[in-house]
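Read through the structure below, which is laid out as structure tokens, and then see the notes.
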Amino acid sequence: MVTPALLTDDVDVAAPTLADGGLVAFPTETVYGLGADARNPAAVARIFTVKGRPADHPLIVHLGDAGQLDDWAIDVPAVARRLAAELWPGPLTLLLRRHPEVDPAVTGGRDTIGVRVPAHPVAQALLARFGGGVAAPSANRFGRVSPTTAAHVLADLAGHLQPGRDVVLDGGGSTVGVESTIVDLTVEPPQLLRPGGVARALLDELLTGEPLAAAAGPSRAAGMLESHYAPRAGVVLVDDAAAAAARAAIAVGSTRILDYGDDVERYAAELYGALRRADDEGIAEVIAVLPPAAGLGEAVIDRLRKAAAPRP
Ligand code: TXA
Ligand code: MG
């Protein structure tokens, strides 16, 4: 008997896997997600097991198009429709009020729900073929760096997924490289819960009259741990190349300097791969030069701070 393969690049294999209650790790423009049919409670429960994630951490529901919004959320405000029209498909997650027919296990028991329409062509093909909502966190083991290639997913999850039941859908590298921006639209004014692939300046422009507030209150707490996105290597943050060289000169053990100058897009696209590579090579300390805070720089700085935070 031929052992079924875990890895595929065929959407026509992956979409039926979702319908059969299996897990599909799939590419998005931000990072790879670990997806399940959001209407199948047993499949959703397996996401938490495979990821090693606490059950009270909410999942984002991925949709093929914004027309499905009202199947998942209620009281959708006009501002949500506007952001969806302008920025979907794209790296933006909207936090809305959960539709009562959505299993609370998807949202970690919360009455809010995060939804997004990803832009990656393979994700779009998968969602179009499947037809329903796909609940998916990033496809890494809990607390680790998010995966931006199928090889990263396999490195974390191959021992936890079941060939024949689950698949990893290879669609090449994620181009944005950091997770989606999360905006809470259930509060007034809207709050930025996580900086990400859509820059704050663009949101502020579209939210004319409703400037984004800093995250506060209960939704701030969900999964936004101080230490997260962490490689095994230590991470030290510095302001410029000279400070990085000075740190490397006194460091104990091997070091790797990350410095992308002002190129925040490239920093975002390559950050997680660089952190994983440092671990693969047994680097003791990553010395990261902080990028400017503009554009994707805000998200890169946020992830670097979390990677550098004291570990539990
Ligand atoms: O780019 C992304 O957003 C990727 C791709 C796969 O779409 N997904 C992703 O999912 O980063 P995850 O689960 O790793 O991170 C989602 C974050 C978590 O911190 C979670 O707590 C928060 O979003 N979140 C999701 N639903 C929420 C809700 N209803 N209330 C508060 N926070 C929520
Ligand atoms: Mg994650």
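Counting starts at 1 for both ligands and their atoms, in listed order.
Compare Arg53, Arg116, Glu29, Arg98 by their heavy atoms: the one nearest to atom 13 (O) of ligand 1 is in Arg53.
Using a 4.0 Å cutoff on heavy atoms, Val31 counts as a contact of ligand 1.
Residue Thr30 places at least one N or O, backbone or side chain, under 3.5 Å from an N or O of ligand 1. Looking at Tyr32 next to ligand 1, no N or O pair under 3.5 Å apart turns up. At under 3.5 Å, not a single nitrogen or oxygen of Lys51, backbone or side chain, sits near a nitrogen or oxygen of ligand 1. Between His62 and ligand 1, at least one N/O pair is under 3.5 Å apart.
Under 4.0 Å from ligand 1, not a single heavy atom of Arg97 appears. With a 4.0 Å heavy-atom cut-off, ligand 1 is reached by the backbone of Glu179 and by its side chain too. The side chain of Arg194, and not its backbone, has at least one atom closer than 4.0 Å to an atom of ligand 1 (non-hydrogen atoms only; side chain from C-beta on). Under 4.0 angstrom from ligand 1, the non-hydrogen atoms of Thr112 come from both its backbone and its side chain. Counting heavy atoms closer than 4.0 Å to ligand 1, residue Asp184 contributes nothing at all.
Because the distance cut-off is set at 2.8 Å, Asn140 fails to qualify as a neighbour of the Mg ion (ligand 2), as none of its N, O or S atoms comes that close.
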Point to revise | Evaluation steps, side chain to side chain donor-acceptor pair (under 3.5 Å), between Arg53 and Ser138 | key: CA-CA 11 Å; Arg53 182 186 235 196; Ser138 51; 5.7 Å; no
Practice item. Decide ring-ring contact (aromatic ring centres under 6.0 Å, His included) for Phe48 and His57; before the verdict, give the C-alpha distance in whole Å, the side-chain angles of both, and the deciding distance to 0.1 Å. Key: CA-CA 9 Å; Phe48 292 90; His57 283 223; 8.4 Å; no
Check your understanding: Checking side chain to side chain donor-acceptor pair (under 3.5 Å) for the pair Arg194/Ser180: CA distance, chi angles, key distance, verdict?
Key -> CA-CA 8 Å; Arg194 178 176 74 181; Ser180 61; 3.2 Å; yes
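Looking at Asp156 and Lys51, no side-chain N of the basic residue comes within less than 4.0 Å of a carboxylate O on the acidic one, giving no salt bridge.
Residues Glu281 and Arg256 approach most closely at OE1-NH2, 2.6 Å, considering heavy atoms. In plain terms, the two heavy atoms of Leu169 and Ala14 that are nearest each other are CD2-CB, 3.9 Å.
Ile283 belongs to no multi-residue hydrophobic cluster, having no ILVMFWY side-chain contact under 4.5 Å with any other such residue.
No more than 12 heavy atoms of other residues, nucleotides or ligands lie within 6.0 Å of CG in Asp262, so this atom counts as exposed by the packing criterion.
Listed by atom number, the atoms of ligand 1 under 4.0 Å from Pro137 heavy atoms are 10 (O), 12 (P), 13 (O).
The backbone N or O of Pro118 lies less than 3.5 Å from a partner atom in the side chain of Gln124, making a donor-acceptor pair.
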